[in-house]
Structure formats: C-alpha cells, structure tokens
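In what follows, a structure is listed as structure tokens, so that the remarks can point back to it.
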Amino acid sequence: MRNVNGKFGKFGGSYVPEMLVEPLKELEKQFLKYYKDEEFQKELAYYQKEYIGRKNPLYYAKNLTEYINGAKIYLKREDLNFTGAHKINNTIGQVLLAKRMGKKKIIAETGAGQHGVATATVCALFNMGCKIFMGEKDIKRQELNVFKMRLLGAEVIPATGGEKTLKDAVDEALMEYAKTYEDTFYLLGSVVGPHPYPLMVREFQSIIGKEAKEQILEKESKLPDYLIACVGGGSNAMGLFSEFIENKSVKMIGVEPAGLGLETGFHAATLTTGKVGIIHGFKCYNIQDENGDPLPVCSIAAGLDYPGVGPEHSYFKDTERVSYETATDDEAINAFKKLSELEGIIPAIESSHAIAYTMKFAKNLNKDKIVIINLSGRGDKDLYRMKEQLML
Ligand SMILES: *Cc1c(COP(=O)(O)O)cnc(C)c1O
C-alpha cells in the first residue's frame, strides 16, 4: 500500500487540535490492521457484491464513441451501484471498520446530502446510531435528501455557525467527534481530511480501478490510454486511478468544475487555480483568501463544490502524474443532455463534467485509443435542476 504514513510529498499529514491526535492514531492503527485481515476483506467483498451490487459493468459507449468520432469510449458504471453513486463503496468499508472497532455510533458531515444518505444507509444496515451534520442552508436546499436520511433513521443536525454550509458542518462534526470518540466513529466522505482518511477512502474506492483494469484487459487485451474522472474531493477519481499509477503508459485526467468560467471567479477549480495551504486538518491545494481562510466556491454540481482537494491529487499535480483540466457548468449541462440522448444513461451532473471534457478532448485522438470515463453517479437527484436549465 502506498503512503501508509499519510504523506503525499509535502501534502496530506494531520493538522488537528490536540484532542483529536489520539483518536486518529487509533483509527490509523485499526485500519492498517483490519485492512490486511482476511476475514475483514471477505466481509467487505460480501457486501460489495450482495448489497452494493458489484461488479458493475465497464460499458462500451458505442453511440457516444460514434458521436465524438475519435477515441473509443468506455464508461465505468458506478451509477449502477445501490444508492446510485460511488460513495457507498466507502461508507460500507468504513462502517465495517467501525463495527470491528466496537463503535456504536457514526457521525458524518454532508453538503448536498449525498454522503449523508450513503452514511445513513449503512447505519440502517448495521443498526448503528447515526448523526449527520449539515449546514442550515443546505438543509433547506436539499429537502429530499434530508427526508431520506431521517427515513433511514439518522438524526440530521443543523450547523448554524458561519455560512451555514458544508464548512460549518465539518467544524461542528469534528467538535462532536472530539467529545464522543470513545464510542463514536467519524465517517468521512472523500479522500480528504487528516491522515488516515485520504489513504483509507482511497483504498475503499480502489475497487473501481481494480474491476476496470480486469474488465478492459478482458475486452481489449490491453490497458487503456486515458482515464478521465471528475474531481471534487477526489475520491471517485482516485478510486479509478489508484490501480493504474504504476502503469506509466496510462494517462490520467481529473476534471474540475469551472462553474461560470475560471475568469469569473465563480468556480471550484481547486487544483487549477488554488494555492497550497491547510484546510480541514490536511495540506493540499485550496481556494483561500490572504489569511488562509477558505473562500466560497461555486459549481452547478453540489458534489464538486469543495474549496479543498485530496492531498494525493495535489501531489499528482506537482509530479504531473495526473493532469487536471476543467469543464464549465454549461459544458456539463450539455454533456448531461448528450449522454441521456445518445446512450439512454442519465448521468449525475458531477460525472457530466468528465463526459464534457472527454467530448472536447477525445475527438482529437486516434480511433485505436481507449478512454475510460468514471461515471461516478446517476442523474436522478439532478432532474429538477436540469429541467429548469434545459426547459424541455
Ligand atoms: C460526491 C460526488 C462526487 C464528488 O466527490 P469525489 O470525492 O470527488 O468523487 C462526484 N460524483 C458524484 C455522483 C458524487 O455524488
């Protein structure tokens, strides 16, 4: 396993209040112990298959390929997972670890509610107490996800500080964790946060790349030329990329949300425009003001709307192992429509950023080149918003 010490070059690490140092050390120790335990891996594989519904297809998108008229395009169908996105890969892994550690309760933070729902789902499954911290503003904006979480038995706690959004939910969840870690597990939703989260979440998401590699070798008898995924915190991208890092011939592209356009300042393109700093307990590129405080970010995709990004992505930017590009709101909306029309697959607006970039990029590639796009989620949650945008 790479980066067992939580360092990704100069990025990552753990910059947390004193009272969180011990609980995070314990978490690191238990993760490293159980992750190599055969029984744990067996149980994880069982739930990946029987509950999430893995393995999901690596689908040859013939119509999209013909439309783009360049490289051959495959879609890794994370949208077909139970609950409709890749997030459940991680919440299943972490809840199994929490159980082994003897924890009785789970806490998590959520912005748009996707991670909150994936967390509440596994808490229902394993009969764990569940508290989800969510900004008061986000609670109003995401009524349906809040209802889902409550229906699943979770307590949704409004964060009332600051801007009343994700950042404030993280702050309040961390405070609660510091008080209750004896019997409580903090379930983080992306490859961000202090060590060991970026490492742990990457490992639980790496099932995406493991399957994709096997599937493409079976279908094409060779490795892909490009992997393309959208990047918010970076977990679906890292889940796909991780398995191919040593395969130097495989190029990787992370697509960030350019919002209304990079030049407007209304975007969340952290790696493309950010500076190195510390946010939420780890070092990474982030969008901050002169005082190092996170600035508001903006994207039509709530799941990509985060002012930081995973430390390993920050490292891969500097070492140029991965290149980071962008797609605007408008380009993503257009890709959302195109994939629906061409393939009958309605993608999440987050995933639509990866499709949008591929539509720009893959037309200039030879027909023998192979591209795998990570289709991180389905678009059901975005239908109301897209109906307003597309006026169909
Ligand atoms: C949350 C989410 C993302 C962004 O998170 P990452 O950690 O960057 O993967 C992307 N796609 C979907 C469908 C999501 O729900």
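Residue indices begin at 1 and follow the sequence shown. Remember, it's 1-based here, ligands and their atoms both numbered in the order they're listed.
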Audit row: E78, N81, side chain to side chain donor-acceptor pair (under 3.5 Å) steps and yes/no: CA-CA 6 Å; E78 293 300 304; N81 296 340; 2.8 Å; yes
Atom CZ of F147: over 12 foreign heavy atoms under 6.0 Å: no
Which of the atoms of ligand 1 are close to [X], meaning less than 4.0 Å from one of its heavy atoms?
{"X": "G377", "value": "13 (C)"}
{"X": "S376", "value": "10 (C), 11 (N), 12 (C), 13 (C)"}
{"X": "C230", "value": "10 (C)"}
{"X": "G232", "value": "8 (O)"}
{"X": "S235", "value": "6 (P), 7 (O), 8 (O), 9 (O)"}

Test item, H86 contacting ligand 1 (heavy atom, 4.0 angstrom): yes
Contact check, side chains of L342 and E66, non-hydrogen atoms, under 4.5 Å: no
Looking only at distances, please establish whether an N/O atom of ligand 1 is found under 3.5 Å from an N/O atom of [X].
{"X": "A237", "result": "no"}
{"X": "G233", "result": "yes"}
{"X": "S351", "result": "no"}

Check the orientation of [X] and [Y]. Use parallel for under 30°, tilted for 30 to 60°, and perpendicular for over 60°.
{"X": "Y35", "Y": "F204", "value": "perpendicular"}
{"X": "Y51", "Y": "Y47", "value": "perpendicular"}
{"X": "H280", "Y": "Y306", "value": "parallel"}

Residue part near ligand 1, for A348, under 4.0 Å between non-hydrogen atoms: side chain
Closest to atom 2 (C) of ligand 1 among Q114, H115, K87 (heavy-atom distance): K87
Qualifying residue for side chain to side chain contact (heavy atoms under 4.5 Å, CB included) with F241, from I253, N374, V322: V322
Distance from atom 4 (C) of ligand 1 to nearest protein heavy atom, with residue and atom: G303 O, 3.2 Å
Steps toward side chain to side chain contact (heavy atoms under 4.5 Å, CB included) verdict (R54, I208): CA-CA 10 Å; R54 307 199 72 96; I208 303 172; 4.3 Å; yes
